[in-house]
Amino acid sequence: MLADGCLDGRSALVTGGGSGIGRASALLLARLGAKVAVTGRREEELAETAALAAAAGYEHPILPVSCDVREPENVDAMLDEVLAKHEYIDILVNNAGGQFMAPAESITYNGFRAVTRLNLDATWYITTQVASRSMIERSYGKIVSITMTPRRGLPGMSHSSAARAGVESLTRTLSVEWGKYGIRTAAIAPGIVHTAAWERYGLDPDMMGEKMPTNRLQSADDVASLVGFLVSPGGDYISGATIVADGAFENMYPLGN
């Protein structure tokens, strides 16, 4: 199911494709034979993703298109460019996201909206636009959205937890509404993924890894492999589900408040 060439003829768009899970997913999909476009705000990071694919010698070069997915007009222009060059999009990986840690009572309205605009509003807009502009008319689509665990409650993450829960609910609703169009949706809820973005929290990765049931932190490639499975033929009958792939992090006794 993850054999080279299994995605021949497919065209994918990965948001937040300049680093971390997005980059790992884009490179895997390119290796599997898909035409891949990556988008994000930082042009240099997107170019690095494209350069890695070129160095690996994949059949199709990765197309980098900078875009702030929080702004609908930017999304529209980005989709214009991707569709002009790739003709269609039948795989969408909603990976762009971000947040900051803060007690719920100290988060301002603007701070809350900044997080929900990126994690929920942008996901909704780009998903509906890709579906209406490509997937529905082609009667095929795979949409995978990245959320997070633990879902039972994570102190300091009330804004992001609310947004990610909205994405999971959207995933369920769209699976029913768009199933007749051959569109399948899924969400992946990873645990603590060791990326450059996570390192900005200033935590010791070795110490945190030792606290995990798997005795290590999750890698971006761990998540990308599940993305690859879901968009491959092996994921054809999975729709509306949120797959918790966090190394049993969600099952642990809380680490503290």
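Val93 and Tyr88 end up in different hydrophobic clusters when Ile, Leu, Val, Met, Phe, Trp and Tyr side chains are linked at under 4.5 Å. Following chains of ILVMFWY side-chain contacts shorter than 4.5 Å, one can reach Val193 starting from Leu27, so the two form part of one hydrophobic cluster. Criterion: ILVMFWY side-chain heavy atoms under 4.5 Å apart, direct or through other members. Under it, Met208 and Met101 are part of a common hydrophobic cluster. By the rule that hydrophobic residues join a cluster once side-chain heavy atoms approach within less than 4.5 Å of another member, Phe100 and Met148 end up as members of separate clusters. No path of Ile, Leu, Val, Met, Phe, Trp and Tyr side chains, each step under 4.5 Å between heavy atoms, connects Ile238 with Val244, placing them in separate hydrophobic clusters.
No cation-pi contact links Arg184 to Tyr140, judged by a cut-off of 6.0 Å to the six-membered ring centre and 45° from its axis. Taking the centre and axis of the six-membered ring of Tyr58, the NZ or CZ atom of Lys35 falls outside the cone set by 45° and 6.0 Å.
Arg41 is linked by a side-chain contact (heavy atoms from CB on, under 4.5 Å) to Asp68, Arg70, counting only residues two or more places apart in sequence or in another chain.
Residues Lys142 and Asp90 are not in side-chain contact: their nearest non-hydrogen atoms beyond the backbone lie 4.5 Å or more apart. Put simply, the side chain of Ser11 does not reach to within 4.5 Å of the side chain of Ile91, judged on heavy atoms. Residues Val167 and Thr242 form no side-chain contact, since every pair of their non-hydrogen atoms from C-beta on lies 4.5 Å or further apart. For the pair Cys6/Leu32, a side-chain contact is recorded, criterion being any heavy-atom separation below 4.5 Å from C-beta on.
Under 4.0 Å is where a charged nitrogen must lie from a carboxylate oxygen, and between Glu168 and Arg151 at least one such pair does.
Residue Met135 belongs to a hydrophobic cluster whose other members are Leu13, Leu63, Val65, Val69, Val75, Met78, Leu79, Val82, Leu83, Ile89, Leu92, Leu118, Trp124, Tyr125, Ile126, Val130, Ile136, Ile143, Leu170, Leu174, Trp178, Tyr181, Ile183, with links defined by side-chain heavy atoms closer than 4.5 Å.
Nearest heavy atom pair, residue Ser158 against residue Ile107, reads OG-CD1, 3.5 Å.
Between the OG atom in Ser134 and the NE2 atom in His86 there is a gap of 12.0 Å [rounded to 0.5 Å].
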